[in-house]
Amino acid sequence: MRCAYSLMVHGGAGALENVKDEKTAVRYLDSIRRILEHGREVLSLGGSALQAVEQCATLLEDDPIFNAGCGSVLNEDGRVEMDAAIMDGQNLLAGAVAGVDGVANPVQLARLVMTKSEHVMLIGEGAMRFAEHCEVPRVPANYFYTEDRIAQLKEAQLRHKMMLDHDEAGDGVSEDQKYGTIGAVAFDSNGNLAAATSTGGIVNKRKGRVGDSPIVGAGVYADNETCAVSCTGYGEEFMRTVLAKTVSDFIFMQGMDASEAADAAIEYLRRRVNGRGGLIMIDNEGRCASRFTTRKMIHGWIEHAGETMLSF
Ligand code: ASP
């Protein structure tokens with residue numbers, strides 16, 4: 001039986017209404033819309049959920065306004081250390097990389113780990129050796145270090161803080177630095193689910209810190225029996241609550257739909273760890289849902305091949 005495809009993408013939890021400059025706000029929304037339309041084309045032509053999430057995540061990584069790929073935030077040493085993961089709900093295959101630098105698209109490297117290695121996750125130097133083995137081209141250092149990112153790191157260091165790229169006001173973080181991590185989830189016409197998440201992590205993070213984004217079950221999860229999930233927010237809180245898998249378990253064990261599972265998971269995140277962030281998800285009937293504990297989350301979706309929707 002053919003299913004009507006669904007797709008969701010996010011560009012991080014935060015409050016777009018706080019962007020002082022309207023042009024910047026429009027930039028975020030245009031980008032999300034353009035990427036959703038690209039994904040629509042992939043899925044409507046019979047492409048797989050896995051292809052759709054890899055391609056959407058790649059486009060998000062290629063847009064410097066997001067905290068992933070070329071727009072990645074900087075660690076305490078002023079270096080980029082990116083994390084990414086991808087998961088195929090059909091067979092629970094997954095690939096992930098952590099602490100990588102010098103590649104334009106960590107999500108593509110994660111997919112190579114999934115398809116061309118016998119492992120699920122490779123980190124740092126080992127991941128880069130594998131990239132070389134797969135002939136993934138290296139990008140020069142100046143591909144990453146934008147003036148904004150350097151200024152953002154200086155601000156965080158001045159405050160002796162780590163911060164989300166899209167931190168909420170009240171955390172002592174300037175209002176124009178709130179957006180970030182990217183993710184995509186898809187449901188294709190064959191009923192398959194897939195998810196991808198990619199990030200530069202948290203501004204001024206310790207060297208070697210890995211967040212939730214590349215951790216299967218924390219920042220990403222996909223299982224055809226339940227749902228596909230991508231998370232964004234303070235990674236440590238999503239790791240401690242294994243949030244993406246928790247969403248899936250609510251569906252598997254309690255028969256919830258996307259909306260109910262997203263509610264239950266966010267309630268759990270808030271109640272147990274006072275977690276800051278959000279998630280996008282599609283369940284095994286192609287229903288979309290998103291929830292967040294931050295004021296807003298930049299995201300958009302196409303449910304059952306319908307209209308393109310944006311939320312910020
Ligand atoms: N979850 C990411 C991390 O902790 C950050 C984010 O979502 O912005 O690395």
Side-chain angles (χ1 to χ4, degrees), residues 8-16 28 32 57 60-61 63-69 71-76 79-85 96-101 106-107 110 121 123-124 148-149 152-153 156 161-168 171 173 176-185 195-221 229-247 265-266 269 273-281 290-299 312:
M8 296 191 88
V9 302
H10 73 74
L16 197 55
Y28 281 100
I32 295 281
L60 287 156
E61 287 175 341
D63 189 334
I65 60 176
F66 298 110
N67 169 21
S72 290
V73 300
L74 306 179
N75 72 7
E76 62 181 357
R79 303 296 302 261
V80 164
E81 286 185 306
M82 300 175 287
D83 302 335
V97 290
V100 297
D101 185 6
V107 73
M121 180 183 267
I123 63 164
D148 284 359
R149 292 309 187 200
Q152 186 184 38
L153 175 65
K161 275 185 71 86
M162 281 189 295
M163 63 194 203
L164 280 186
D165 183 37
H166 42 68
D167 230 326
E168 287 286 280
D171 276 1
V173 173
D176 51 0
Q177 296 176 348
K178 296 180 187 302
Y179 314 104
T181 290
I182 64 94
V185 291
T197 308
S198 179
T199 188
I202 290 185
V203 186
N204 199 25
K205 64 186 180 181
R206 278 185 198 279
K207 180 176 164 56
R209 179 263 188 189
V210 176
D212 62 315
S213 309
I215 310 288
V216 170
V220 69
Y221 199 70
V229 186
S230 172
C231 301
T232 172
Y234 275 91
E236 283 71 8
E237 294 156 1
F238 287 77
M239 291 158 94
R240 287 160 57 213
T241 50
V242 201
L243 205 79
K245 179 65 160 69
T246 297
V247 176
I266 285 294
L269 177 75
V273 299
N274 201 17
R276 290 152 293 175
L279 63 91
I280 55 171
M281 66 176 293
S290 56
R291 297 289 187 279
F292 33 92
T293 64
T294 44
R295 254 179 305 153
K296 302 275 175 172
M297 180 173 67
I298 306 161
H299 64 294
F312 58 93

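For ligands, and for the atoms within them, numbers begin at 1 and follow the listed sequence. Given the structure is predicted, the values throughout are model-derived calculations rather than measurements.
The backbone N or O of Gly200 sits less than 3.5 Å from a side-chain atom of Asn67, completing a donor-acceptor pair. Side chain of Glu81 to backbone of Gly208: a donor-acceptor contact under 3.5 angstrom is found. Of the possible polar contacts, none joining the Ser290 side chain to the Leu279 backbone as a donor-acceptor pair under 3.5 Å is found.
Ligand 1 lies nowhere less than 4.0 angstrom from a heavy atom belonging to Lys205. The closest approach between a heavy atom of Ser213 and any atom of ligand 1 is below 4.0 Å. Residue-ligand proximity: Gly233 is placed with a non-hydrogen atom under 4.0 Å from ligand 1.
Ligand 1 places these atoms under 4.0 Å from at least one heavy atom of Asp212: 1 (N), 2 (C), 3 (C), 4 (O). Heavy-atom proximity to Thr232, at under 4.0 Å, picks out these atoms of ligand 1: 6 (C), 7 (O), 8 (O).
Side-chain contact between Lys205 and Val73 is absent, with no heavy atoms from C-beta onward closer than 4.5 Å.
Residues Glu236 and Arg209 are paired through a salt bridge, judged by an N-O separation under 4.0 Å between the basic side chain and the carboxylate.
For atom 3 (C) of ligand 1, the nearest non-hydrogen atom from the set Arg209, Glu237, Met239, Glu236 belongs to Arg209.
Ligand 1 has no N or O atom lying under 3.5 Å from any N or O atom of Gly211, backbone or side chain.
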